[in-house]
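See structure below.
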Amino acid sequence: MSGHPVRLSVTDDLVRTRVLVFFRLILIIPHAIWLFLWGILIFFTFIVNWVATLIMGRSPTALHRFTAAFVQYASHVTAYFFLLADGYPGFTGAPGFALDVEIAPPAPQSRWKTLLRPLLALPAMSLATVMTGGGGGGSGQSNYSGGVLQTVGFFGWFASMAKAQMPRGMRDLGAYSIGYTAQSWSYFLLLTDRYPNSDPVAMGDPQPLPEHPIRMTVDDDLRRSRLTVLFRFLLSFPHLVWVILWGIATLFAALANWVATLVTGQSPASLHRFLVAYVRYSMHVGAYLMLIANRFPGFTGEPYDIDLEIAPPERQNRWITGFRLILIFPAAMI
């Protein structure tokens, strides 16, 4: 999936202007109106482009350019509204915005893929909807019913007002959502017949992640057994029962660990080891159930194809420990 014709470009420096953040809902109104009107035109453009691509085997240059500008403009507006960029976007979708989408020129397309495009695009558009929470990001409308972008934008607003800076993790997650949504709409609107790539690393030039005491390791080869996939839920049932029972014990262990960490400033080694095993095991079960891994996991949290590396106990701030249930809320919502 390397070299996708729709690529994400991010030059945002994370700095936010508080007054622009505070009035973002008002500042976005002209763009929301223009995006809606442009979206109406895109509906008719798509029909003409679909017929033309079926006949010619490629999208006409003028229709491709008009549609690509719409996808780019919608991406700019979405990025601005959800605080993923601070500069005010233009109204034409011209390149150069802090969070941009680069779309390749017209290329030959399969007529069969073109004929069945609305059906083939359904899985990708469904995933894009999860990210955008409904409309937006290329649809010409917005439906604030939840989703990655809504959650990132909501908590990012408070963070930007407090620090005049958007947290990088939130910005990157939102940027990926916009990039994948742009690929999905580009596929649906016949800008390319390359299917959207859901791999975050392939979306653009990735920046190295900051150091963290919890790291994920992936040793999965992507192959799946059709038989075990068919019966995956039934095969997962013993693990689901065990993870629930283990989770009950974990509640008491977590409470004891919270009190001990408040008193000593560090998680006791035995409780830390018990909780680490549960966190790793529950992730193994989730990976197996959701087809992220293929091998049947063990029942004790031993090494697995999708795994976590969790550092040993370390000193912890007592104030942060005391307010952990409140501080965890934004991350838990995401």
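All heavy atoms count here, side chains included; hydrogens, waters and symmetry mates do not. Starting from 1, each residue takes its place in the sequence as its number.
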Heavy-atom side-chain contact between [X] and [Y] under 4.5 Å:
X      : Y      : result
Thr132 : Val148 : no
Asp172 : Tyr176 : no
Pro60  : Met56  : yes
Ser160 : Arg18  : no
Arg24  : Leu20  : yes
Ser236 : Val285 : no
Val77  : Trp34  : no
Asp12  : Leu99  : no

Could you tell me the separation between the [atom1] atom of [X] and the [atom2] atom of [Y], rounded to the nearest 0.5 Å?
X      : Y      : atom1 : atom2 : answer
Ile306 : Arg295 : CD1   : CZ    : 10.0 Å
Ile326 : Phe329 : CD1   : CZ    : 11.0 Å
Ile320 : Leu262 : CD1   : CG    : 12.0 Å
Ser186 : Ile103 : OG    : CD1   : 4.0 Å
Trp242 : Thr300 : CH2   : OG1   : 10.0 Å
Thr151 : Phe82  : OG1   : CZ    : 9.5 Å

Can you get from [X] to [Y] by hopping between Ile, Leu, Val, Met, Phe, Trp and Tyr side chains that sit under 4.5 Å apart?
X      : Y      : value
Ile29  : Leu37  : yes
Met166 : Leu25  : yes
Tyr281 : Met290 : yes
Leu122 : Leu190 : no
Leu173 : Phe158 : yes

Please determine whether the number of non-hydrogen atoms from other residues, nucleotides or ligands lying under 6.0 Å from atom [atom1] of [X] exceeds 12.
X      : atom1 : answer
Met161 : CE    : yes
Phe91  : CZ    : yes
Leu325 : CG    : no
Arg315 : CZ    : yes

Compute whether any side-chain donor of one residue and acceptor of the other, for [X] and [Y], lie under 3.5 angstrom apart.
X      : Y      : result
Asp193 : Ser110 : no
Asp307 : Thr217 : no
Arg232 : Asn294 : yes
Asp100 : His76  : yes
Gln266 : Thr264 : no
Arg171 : Gln165 : no

### Query
For the rings on His31 and Tyr73, is their centre-to-centre separation under 6.0 Å?
yes

### Message
Tell me if the centroids of the rings in Phe188 and Phe46 come within less than 6.0 Å of each other.
### Response
yes

Does [Y] offer a backbone N or O that forms a donor-acceptor pair with the side chain of [X] under 3.5 Å?
X      : Y      : value
Trp157 : Val21  : yes
Arg16  : Ala164 : no
Arg117 : Lys113 : yes
Arg111 : Ile55  : yes

### Query
Which word best sums up how the rings of Trp38 and Phe66 line up, parallel for under 30°, tilted for 30 to 60°, or perpendicular for over 60°?
tilted

### Query
Under 30°, 30 to 60°, or over 60°: which ring-plane class applies to Phe299 and His239, parallel, tilted or perpendicular?
parallel

Which heavy atom in [X] sits nearest to a heavy atom in [Y], and how many Å separate them?
X      : Y      : value
Trp50  : Thr114 : NE1-O, 2.7 Å
Tyr180 : Pro196 : CE1-CB, 3.6 Å
Ala287 : Tyr304 : CB-CE2, 4.4 Å
Pro313 : Ala269 : CG-CA, 4.1 Å
Val101 : Ala182 : CG2-CB, 3.8 Å
Phe233 : Leu240 : CE1-CD1, 3.9 Å

### Message
Can you see whether Tyr187 has Arg194 sitting over its ring - NZ or CZ less than 6.0 Å from the centre and within 45° of the normal?
### Response
no

